[in-house]
Every structure is written in structure tokens, then in C-alpha cells.
Amino acid sequence: MTGHTPRDGMVHSNTRHDSAHLHVTGRADYTDDITEQAGTLHGCFGLSQCAHGTITRLDLDAVRRAPGVVDVLTADDLPGVNDISAGGQQDEPILADGTVHFWGQPIFAVIAETRDQARRAAVLAVVDYAPLPHALTPDAARAAGYPYVSPPMTLGRGDAAAALASAPHRIRGRMEIGGQDHFYLEGQIAMAIPEDDDGLTILTSAQHPTEVQHIVAHALGLPSNAITVQVRRMGGGFGGKETQMNLFCTVAAIAARRMGRAVKIRPDRDDDMTATGKRHDFVVDYDIGFDDQGRIHAVSGDWSARCGWCADLSGPVTDRALFHADNAYYYPAVELRSHPFKTNTVSNTAFRGFGGPQGVIAAERMVEEIAYALGRDTLAIRKANLYENGQLTPYHQTVEDQILPRLFAELEETSNYHARRQAVLDHNAKGGIIRRGIALTPVKFGISFTATHFNQAGALVHIYADGSIMLNHGGTEMGQGLHTKLAQIVADAFQTDLSRIRITATRTDKVPNTSATAASSGTDLNGMAALNACDQIKARLIAFAAQTYAVPADQVRFTPGFIVAGDTQVPFNDLIRAAYMARVHLSAAGFYKTPKIHWNRATGQGRPFFYFAYGAAVSEVSVDTLTGEYVIERTDILHDVGRSLNPALDKGQVEGAFVQGTGWLTTEELWWDDKGRLRTHAPSTYKIPLASDRPKVFHTRLADWSVNREATIKRSKAVGEPPFMLGISVFEAIGMAVASVADYRECPRLDAPATPERVLMAIERLRA
């Protein structure tokens with residue numbers, strides 16, 4: 001047998017994003033680029049101007065008389081159930097039903113001939129309110145006796161109270177952790193198109209097409225099979241399009257059905273930021289006991305979250321915060337409690353990491369407390385408390401795949417950490433205005449949906465008679481390269497070129513009952529489902545080839561571009577055409593469900609995660625002690641993605657996540673005034689990181705020696721969320737620079753985000 005030329009797009013190779021050429025030339029079609037039907041109408045919401053109150057007057061006459069307006073919808077005009085709650089809590093009306101619960105809540109929707117006409121008409125409404133008391137923060141909600149939006153959770157192991165009381169050292173503290181706006185480049189958008197026989201097709205930018213399908217059907221009083229949802233690609237999601245798209249899709253669908261015309265809704269950035277949820281703010285109260293060596297004896301903590309006016313995903317988000325409140329560290333005795341408070345703010349929602357970052361950063365704060373109390377390097381405290389295989393997490397899952405000691409050792413060496421830390425100490429010892437800081441921080445992140453039923457996926461694979469292959473799956477593409485990785489998996493299965501594979505838009509009428517593309521599980525779930533479909537077709541082709549060439553089935557194999565049956569080599573296209581002529585079924589629906597996982601929320605015990613992803617980062621910063629401004633001088637990252645399916649894409653995900661995580665902890669500040677108005681609602685007032693904010697020197701490597709011990713797709717690991725928390729290394733480095741003004745005798749206790757103002761106030765506090 002002669003050798004074959006290596007195929008393009010092989011699994012584990014650096015293959016470009018399938019739409020990269022479309023992205024850079026501006027030819028990639030997003031929902032707003034899709035050609036509108038003749039007669040398409042446009043919608044705009046009228047938003048409340050009160051944080052909490054009863055609507056005493058709603059005068060929409062001027063709105064209805066405005067040029068181009070064809071319909072105005074209020075809660076009284078909705079045909080089905082006035083609810084779009086993600087978890088079925090029945091606590092999130094589509095349009096306000098007499099009471100408003102946050103400044104920016106949709107009260108009515110204008111439908112007009114053009115988008116400009118709808119926007120101009122929406123501001124003509126006259127709305128009067130009888131104000132009610134409002135609470136904007138977890139502390140205010142607690143003081144006002146506000147309820148939880150979801151049942152709280154407690155995780156525990158051992159007797160934390162007794163261990164704290166007997167520990168040689170004990171520190172209590174509090175940390176405020178700010179939220180974050182998703183700031184996806186493409187905003188929320190939905191276009192609903194009426195179809196025959198009461199059907200509707202919805203074109204949208206959503207991470208959870210099946211949920212959109214179910215909620216729209218529920219709101220219209222239709223079965224799910226009447227609604228088809230299509231997602232070709234998103235211009236970013238980050239969790240902000242997991243549930244928040246439900247509002248826009250539902251109102252567009254209701255209006256389209258009322259008018260018998262296509263309806264499109266695309267809010268401007270101000271309305272988008274005001275009316276849609278964000279990363280949860282937290283206030284964390286912690287109590288730690290430890291010994292002279294810095295080893296933790298016990299931890300007790302309360303995670304109080306600003307959840308907003310309704311539940312949305314706050315229950316599972318606050319759960320995951322507790323799941324990651326240990327980060328990489330073993331707590332011999334522990335008790336952790338969540339407090340998902342209702343507040344009169346927009347309902348917070350999923351965001352990259354899904355509560356995990358708010359748990360991880362609190363764990364790192366506790367390490368800081370111990371290190372400064374003992375006069376030790378924070379890295380030494382981290383090493384002293386790392387999990388060992390066989391130890392139990394606070395939720396009683398056994399750690400079995402610990403690789404952080406090796407990651408630490410390799411990163412310490414390649415980043416020259418110890419020499420650089422000494423140089424930082426020497427620099428700061430001279431005094432001066434510019435102080436430096438350096439920190440090496442880890443991440444251990446659990447991979448799987450904690451709602452076990454979401455850990456399933458489907459895929460559909462067709463091979464056409466000419467040998468070309470079509471793939472459809474339940475995941476959504478938001479720039480992360482999911483389609484590219486799945487195409488690589490299919491190409492690898494059939495040992496054919498990537499150029500042979502075409503992936504179509506995600507549609508609920510092709511693959512039903514899909515899970516959200518979230519929890520970093522898009523490739524894990526959909527990749528295995530696609531492989532399952534390929535294996536079904538391959539089994540039929542192997543049986544056909546074995547019969548055709550009179551060889552045992554175990555002598556049939558796929559090689560690059562060919563199928564080999566015994567001593568016979570047949571080009572892939574030729575065998576496919578022959579199989580078609582012999583009436584071999586060349587299509588399959590694949591399915592996968594994650595094994596081993598289980599979770600009992602009532603007892604706080606189980607195995608919610610299939611495996612853990614690990615990583616570590618070293619960041620060095622310079623801080624101006626007169627202004628509080630800072631610069632990231634250098635960052636070195638070593639991250640674990642198992643056996644990478646596509647190192648180029650994975651490396652891009654790691655770098656992007658790091659920058660976004662750094663933005664959360666440094667520049668991105670959400671601020672509500674005392675009336676409950678979000679004042680940071682546009683690029684002019686909300687500062688995401690710029691290209692100039694990235695580290696001056698930026699080294700990113702994947703741990704290419706890592707192989708997932710669990711049977712994931714090609715032994716890879718998820719990459720979407722875990723590296724987000726590597727940005728904590730910047731936050732910790734800033735903390736060290738601040739602590740230097742008091743000779744490192746006191747934990748700086750920076751709150752997040754560490755804006756220059758907060759940094760300066762911390763410096764002045766330590767100096768005093």
C-alpha cells in the first residue's frame with residue numbers, strides 16, 4: 001500500500017476558523033444581514049423609568065398616532081401566558097403587568113414600518129408611577145426583608161465551626177465583587193416570519209434555540225413543532241444570549257402572528273444594556289482558619305448575590321459560585337452558603353464562568369489573607385493548599401485528575417517567576433511612585449452542566465451520493481470555532497478532507513431538544529453526538545464493503561481519501577456512490593449523554609462535573625501610587641485543554657478569556673444611581689479593555705502533554721470558560737503592588753473591579 005498525502009484540517013491540527021475569511025472581509029452574514037421579506041415590520045420597547053412602582057397611568061395614544069406605527073402591544077394584548085422565565089418559575093412577565101420592578105423593564109412594544117419610526121414612537125408614551133421602596137444591592141435587600149429569587153444552597157463537609165474555633169489563626173473578612181456587561185459586538189436581535197398553518201420561523205442570535213422555541217410556543221399557546229428557530233452565527237454571546245434573547249424573540253413572534261407579517265426587533269446599545277441581564281455582583285463574607293505553615297484548617301463563607309427582579313438563572317449561577325469557592329484548594333472542614341437575593345435591578349443572568357469566577361476570586365482573596373498575615377509569598381500558600389488526588393471537594397466529588405503541581409512547576413520555570421518576584425521586591429524597596437506587583441494564580445474549573453439533564457446533545461450527518469458531507473448539530477457558533485472543531489471530528493471519522501464537510505445553521509427542526517451552548521460543553525457534547533452519527537454510517541459502509549469485496553468486516557478500514565477492504569483500495573467517493581446505488585442508508589442522527597455525573601442539590605453531594613480543567617497564569621503589573629493607574633507589563637499563561645482538537649482556536653480562546661477576565665476585575669464597572677438607573681449603559685460610560693490594555697508581553701502556551709483521563713471527544717478538554725479566571729493573576733498582582741506601600745504587612749483587600757479610583761483609595765488607606 002502506498003502512503004497518502006496528509007489531509008487538510010486534521011484533528012489536533014492548527015486549522016483556521018471555518019468563517020475566518022468571511023469575518024475579515026465583512027461577508028459573514030449575521031441575523032441583521034439576512035434579507036428582509038417585503039413588508040417586514042420593526043419593533044421597539046418602551047422601558048420603565050422607575051425602579052419599583054405601580055403603573056397608575058399608561059397613555060399610548062401619541063404612540064399609536066405616530067408615523068408608521070401599525071400596532072402597540074401591552075400585557076393585555078398577549079395571546080398566551082405572559083411569562084418568559086427560563087426555569088419555569090412563572091416570575092418574569094414578557095411585558096410589565098401593572099407593576100415595574102426595575103428601571104428599564106419593558107412595558108410595551110411598538111411595531112412600525114421602519115426601525116426608526118418604532119424608536120421615535122416609543123418615547124412618546126406618557127407613563128405615571130406610584131413609587132414603591134426599592135433595594136439595589138444584596139445588603140439593601142437583606143435589610144428590607146426581600147426574598148430569595150431561588151432557594152439557597154449549602155455545601156459542607158466536616159465541622160467547620162469547631163475547626164475554625166481551634167485553628168491557630170483565624171481571619172474574617174468581606175469582599176465585594178462587581179458584575180459585568182457581556183458587551184457582545186452583535187446586540188440582541190430577532191426576526192419572526194409567519195409560515196403556513198400557524199407556523200413561525202424565528203431567525204435570531206441565541207445560545208439556546210430550543211428554549212426560544214419552547215418559550216415562544218408557550219407564549220402563543222402553540223405546540224413546539226409550530227415554531228422553528230434558526231441560528232447561523234452570533235457576534236459574541238458569553239452567556240448573554242442564553243436566556244436574554246427570549247424577550248425579543250417572543251415579542252417579535254407575537255407581533256408577527258398578529259399582523260401576518262415578518263417582524264424584526266434590534267434594540268440599540270443603550271436599551272440592550274439597560275434591559276438585559278449581566279454577570280452577578282456578589283458580596284462575600286468569609287471566615288478562615290489556618291496554621292503557622294499557611295495550611296487551611298477550615299472555611300466558612302456566605303455568597304450574597306445581586307440577582308435582580310426575577311430568578312432567571314440565578315439559582316444555578318449562585319450554586320456554581322459555591323462549587324468553585326475552593327478553586328484549587330482543599331478545605332479540611334468547610335461550610336458555604338448562597339444567598340440569591342431579589343433586587344430592583346435587571347435580572348442578572350449567565351456570563352462566561354457562570355458564577356464560578358465569583359467563587360474562585362474569593363478563594364484567592366483568602367490565600368492573600370493568609371500570605372500577608374504570615375509574611376509569605378502567596379504562591380507558597382497556594383502550593384501548601386493544593387488538592388491532592390483522592391481528596392473531596394465541598395460537594396463531595398473526589399479529585400482524581402490533579403495536574404496543577406506540574407503546571408505550577410513548568411510555569412514557574414518558563415516565566416522565571418522567582419527571580420522576577422525578587423526583582424519586584426527590590427524595586428519596591430527603593431520606594432518611589434511606581435510600585436510593581438507579580439502573582440501566579442491557578443484555576444480548577446468543573447466541566448458539565450450542573451443541571452444534569454442538559455448534558456445531552458444530538459447531531460445529524462448526511463453523506464450525499466457525490467461524497468460531500470453535511471453536518472448539523474445542536475450547538476451554536478458564536479465565534480468560538482465550534483463548527484470548525486466539529487467539522488474536523490467528522491473529517492477525521494471518515495478520513496476525508498475538511499473541505500468536504502459543510503455545516504448548516506443550527507435549527508430546531510433538524511436536531512430537537514438541544515441544550516444551550518454554554519457551560520463550556522459545546523464541543524464535548526456535540527462533538528460526541530456527531531461522532532456517534534458518523535460511527536453509525538461507518539458501520540453500514542464497513543458492512544457494505546465487506547460484503548462487496550468478500551472480506552471480513554475487521555479488514556475494512558478508512559484511510560486518508562480511501563476505504564481499504566482487504567487488498568482492495570477504493571476512493572471514498574466511489575464507495576459512497578456504490579453504496580448509494582446499493583441502497584445503503586447514508587444518513588444518521590447521533591446522540592450523546594455525559595456519563596458518570598449525578599447531583600443531589602438537597603444534600604449538597606454528588607459528582608456534578610465530568611472532569612476538571614486546569615490552568616495557571618503569572619502576571620506582572622506597574623501601579624502609579626499617585627493616580628491608581630496601572631499597566632500590565634507581562635503575562636505568562638500555561639493552560640490545560642487536554643489533547644487539543646485545534647491548538648490555534650484553543651489558544652485564541654485562552655487569550656480572549658484572559659483579557660475579558662482582566663476587564664471584569666479592572667476596568668468594567670457597572671454603576672446604578674440611587675434611583676435605580678444604570679448609568680453605565682453605553683461604550684461612552686462602560687469601559688471594556690482596549691487593545692492597548694493587554695499585557696505588553698503576552699506568552700500563552702497550552703499544556704501539550706495533558707490528555708483527559710476521561711473519555712471525552714479525542715481526549716480534549718473544554719476551553720471556553722476556565723481561562724477566564726486567569727485574569728485574577730492581574731488583580732492579585734495589583735494587590736501586591738498596593739500592599740508594598742505598607743511593607744506587605746496587611747492584605748490590601750481590594751474590591752473588584754480594581755479601578756484606578758479603588759486602587760488609589762486602597763493605597764491611601766494602607767498608608768494611613
Side-chain angles (χ1 to χ4, degrees), residues 86-87 150-158 208 239 242 280 299 301 303 305 311 313-331 334-338 340 350-360 362-363 387 389-402 443-457 515-525 528 592-615 640 642 708-713 717-722 724-725:
S150 294
M153 184 176 75
T154 298
L155 298 180
R157 195 191 61 254
H208 200 344
E242 186 172 344
H280 289 67
V299 170
W303 270 253
L313 297 172
S314 292
V317 166
T318 51
D319 285 0
R320 191 173 276 259
L322 296 194
F323 285 133
H324 291 83
D326 57 343
N327 189 20
Y329 313 116
Y330 176 61
Y331 301 159
V334 58
E335 185 173 321
L336 310 171
R337 298 163 295 273
S338 69
F351 201 131
R352 195 175 198 167
F354 203 76
Q358 295 95 314
V360 171
Y387 272 108
N389 284 330
Q391 291 178 328
L392 291 181
T393 64
Y395 43 94
H396 295 252
Q397 176 166 340
T398 304
V399 174
E400 301 172 316
D401 56 5
Q402 171 66 289
V443 62
K444 169 185 128 295
F445 195 80
I447 303 298
S448 290
F449 286 98
T450 51
T452 304
H453 66 280
F454 279 145
N455 294 288
Q456 60 175 303
S515 298
T517 304
S520 303
S521 296
T523 302
D524 282 8
L525 295 174
M528 290 294 267
Y592 174 75
K593 62 179 181 179
T594 308
K596 296 186 178 182
I597 54 175
H598 57 91
W599 171 242
N600 185 328
R601 191 177 187 275
T603 63
Q605 298 186 21
R607 179 178 175 164
F609 304 121
F610 190 28
Y611 62 88
F612 295 106
Y614 298 91
D640 161 39
N708 198 336
R709 69 189 302 275
E710 299 294 350
T712 55
I713 185 70
K717 286 188 178 184
V719 69
E721 293 171 306
F724 179 91
M725 282 141 284

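Considering CG of L392 and OH of Y387, their distance stands at 8.5 Å, rounded to 0.5 Å. To the nearest 0.5 angstrom, S515 atom OG is 10.0 Å from E242 atom CD. We find the OG1-CZ distance between T452 and R607 to be 12.0 Å, quoted to the nearest 0.5 Å. Between atom NZ of residue K717 and atom CD1 of residue I447 there is a gap of 9.0 Å, rounded to the nearest 0.5 Å. In this structure, the separation between CZ on F610 and CG on D524 is 8.0 Å, given to the nearest 0.5 Å. Rounding to the nearest 0.5 angstrom, the gap separating the CG atom in L525 from the OG atom in S448 is 7.5 Å.
Residues passing the side-chain contact (heavy atoms from CB on, under 4.5 Å) test with Q605 are H396, T603, sequence neighbours excluded. Residues passing the side-chain contact (heavy atoms from CB on, under 4.5 Å) test with M528 are Y592, I713, sequence neighbours excluded. For F454, the ring pair (Phe, Tyr, Trp, His ring centres under 6.0 Å) partners at least two apart in sequence or on another chain are H208, F449. Here A305 pairs with H280, F282, C307, T318 under the side-chain contact (heavy atoms from CB on, under 4.5 Å) rule; sequence neighbours left out. In this view, R601 and P151, M153, D319, W599 satisfy the side-chain contact (heavy atoms from CB on, under 4.5 Å) rule, not counting sequence neighbours. In this structure, the salt bridge (Lys or Arg N to Asp or Glu O under 4.0 Å) partners of K596, at least two apart in sequence or on a different chain, are E710.
The shortest non-hydrogen separation linking A519 to R320 is CB-NH2, 4.5 Å. Between E721 and M725, the shortest heavy-atom contact is O-CE, 3.4 Å. Taking all atoms of both residues into account, the shortest heavy-atom contact from D326 to P394 is OD2-CD, 3.5 Å. Minimum interatomic distance between L336 and A325 (heavy atoms only, all atoms of both residues): CD1-CB, 3.7 Å. In terms of heavy-atom proximity, R337 sits nearest to T154 at CG-OG1, 3.7 Å. Contact between G353 and F445 at its shortest, heavy atoms only, is O-CZ, 3.6 Å.
The closest donor-acceptor contact from the side chain of N327 to the backbone of K444 lies under 3.5 Å. K593 places no side-chain N or O within 3.5 Å of a backbone atom of Q456 that could act as its donor or acceptor partner.
Taking the six-membered ring where the residue is Trp, F351 and F724 present tilted rings, their angle falling between 30° and 60°.
Ring centroids of F354 and H324 are separated by 6.0 Å or more, keeping the two rings apart.
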